[in-house]
Amino acid sequence: QVQLVESGGGLVQPGGSLRLSCAASGSIFSIYGMGWYRQTPGKQRELVAALTSGGSTNYGDSVKGRFTISRDNAKNTVYLQMNSLKPEDTAVYYCNAEISRSIRDDVMNYWGKGTLVTVSS
């Protein structure tokens with residue numbers, strides 16, 4: 001019943017910026033870590049950025065200094081601000097969240113459907 005819905009993807013020129021959003025909804029008791037991953041055909045899904053509820057961040061090496069992850073706990077939403085975009089950033093970006101559905105349930109990982117980001121002239 002938990003859903004993660006990404007938005008904000010699209011076409012942008014090299015050097016441009018985009019902001020992705022991911023809203024979690026459904027049977028949610030608590031959200032712990034949230035993050036963004038990306039994937040292109042023929043490649044493994046890779047970490048872009050992750051954020052704990054305590055504010056600790058982890059970025060993939062290829063995006064450090066360019067991307068920033070943040071979250072709004074009141075809205076159950078995580079954001080990814082992407083600056084200085086490169087053609088190599090073109091991928092489907094997936095939202096991930098660690099969520100417990102009730103006080104009795106263990107934490108589970110959930111994934112969104114993904115949003116396409118295309119960086120091209």
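The chain is numbered in sequence order, starting from 1.
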In terms of hydrophobic clusters joined by side-chain contacts under 4.5 Å, are Val107 and Ile99 together?
->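 No, Val107 and Ile99 fall in different hydrophobic clusters.
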Do Val92 and Tyr110 belong to the same hydrophobic cluster, where Ile, Leu, Val, Met, Phe, Trp and Tyr are linked whenever their side-chain heavy atoms lie under 4.5 Å apart, directly or via other members?
->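 Hydrophobic grouping puts Val92 apart from Tyr110.
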Connected-component partners of Val5 among ILVMFWY, side-chain separation under 4.5 Å |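 Reading the cluster by chain and number, Val5 sits alone, since nothing else belongs.
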With ILVMFWY side chains joined below 4.5 Å, transitively, what does Leu11's cluster contain besides itself?
->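 Under the 4.5 Å side-chain rule, Leu11 groups with nothing.
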ring-ring contact (aromatic ring centres under 6.0 Å, His included) partners of residues 5-49, not counting sequence neighbours, each pair once =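 Non-adjacent pairs meeting ring-ring contact (aromatic ring centres under 6.0 Å, His included): Tyr37-Trp111.
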Please collect all ring-ring contact (aromatic ring centres under 6.0 Å, His included) contacts where either partner lies in residues 78-107, sequence neighbours excluded, each pair once.
->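 Qualifying pairs: none.
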Give me each pair satisfying salt bridge (Lys or Arg N to Asp or Glu O under 4.0 Å) with a member in [range], each pair once, sequence neighbours excluded.
{"range": "residues 63-85", "result": "Asp61-Lys64, Arg66-Asp89"}
{"range": "residues 92-115", "result": "none"}
{"range": "residues 1-28", "result": "none"}

Salt bridge (charged side-chain N to carboxylate O under 4.0 Å, His left out) involving Glu88 - partner list, sequence neighbours excluded |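 Glu88 satisfies salt bridge (charged side-chain N to carboxylate O under 4.0 Å, His left out) with no residue once adjacent residues are dropped.
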With sequence neighbours left out, which residue pairs that include part of residues 12-121 fulfil the disulfide (SG to SG under 2.5 Å) condition?
->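 Non-adjacent pairs meeting disulfide (SG to SG under 2.5 Å): Cys22-Cys95.
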[atom1]/[X] to [atom2]/[Y] distance, rounded to the nearest 0.5 angstrom?
{"X": "Met34", "Y": "Leu80", "atom1": "CE", "atom2": "CG", "result": "12.0 Å"}
{"X": "Leu4", "Y": "Ser25", "atom1": "CG", "atom2": "OG", "result": "8.0 Å"}
{"X": "Asn76", "Y": "Ile28", "atom1": "CG", "atom2": "CD1", "result": "5.0 Å"}

Does a side-chain heavy-atom distance below 4.5 Å link [X] with [Y]?
{"X": "Ile69", "Y": "Val78", "value": "yes"}
{"X": "Pro14", "Y": "Ser121", "value": "yes"}
{"X": "Thr90", "Y": "Thr40", "value": "no"}

Partners passing side chain to side chain donor-acceptor pair (under 3.5 Å) against Asn109 (at least two apart in sequence or in another chain) |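 Residues passing side chain to side chain donor-acceptor pair (under 3.5 Å) with Asn109: Asn96.
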Name all residues meeting the side chain to side chain donor-acceptor pair (under 3.5 Å) criterion together with Ser17; count only those two or more places apart in sequence or in a different chain, and write none if there are none.
->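 In terms of side chain to side chain donor-acceptor pair (under 3.5 Å), with neighbours along the sequence ignored, Ser17 is linked to Asn83.
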Just list the side-chain donor-acceptor pairs under 3.5 Å for residues 45-53, sequence neighbours left out, or say none.
residue : atom : partner : partner atom : Å
Arg45   : NE   : Gln39   : OE1          : 3.3
Arg45   : NH2  : Gln39   : OE1          : 3.4
Glu46   : OE2  : Arg38   : NE           : 2.8
Glu46   : OE2  : Arg38   : NH2          : 3.4
Thr52   : OG1  : Gly54   : N            : 3.3
Thr52   : OG1  : Gly55   : N            : 3.3
Thr52   : OG1  : Ser56   : N            : 3.1

Which heavy atom of Gly8 sits nearest a heavy atom of Leu18, and at what distance?
->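 Between these two residues, the closest heavy atoms are O-CD2, 3.9 Å.
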Considering non-hydrogen atoms only, spot the tightest contact between Thr77 and Ser21 and give its length.
->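 Answer, listing the atom of Thr77 first, then Ser21: CG2-CB, 4.5 Å.
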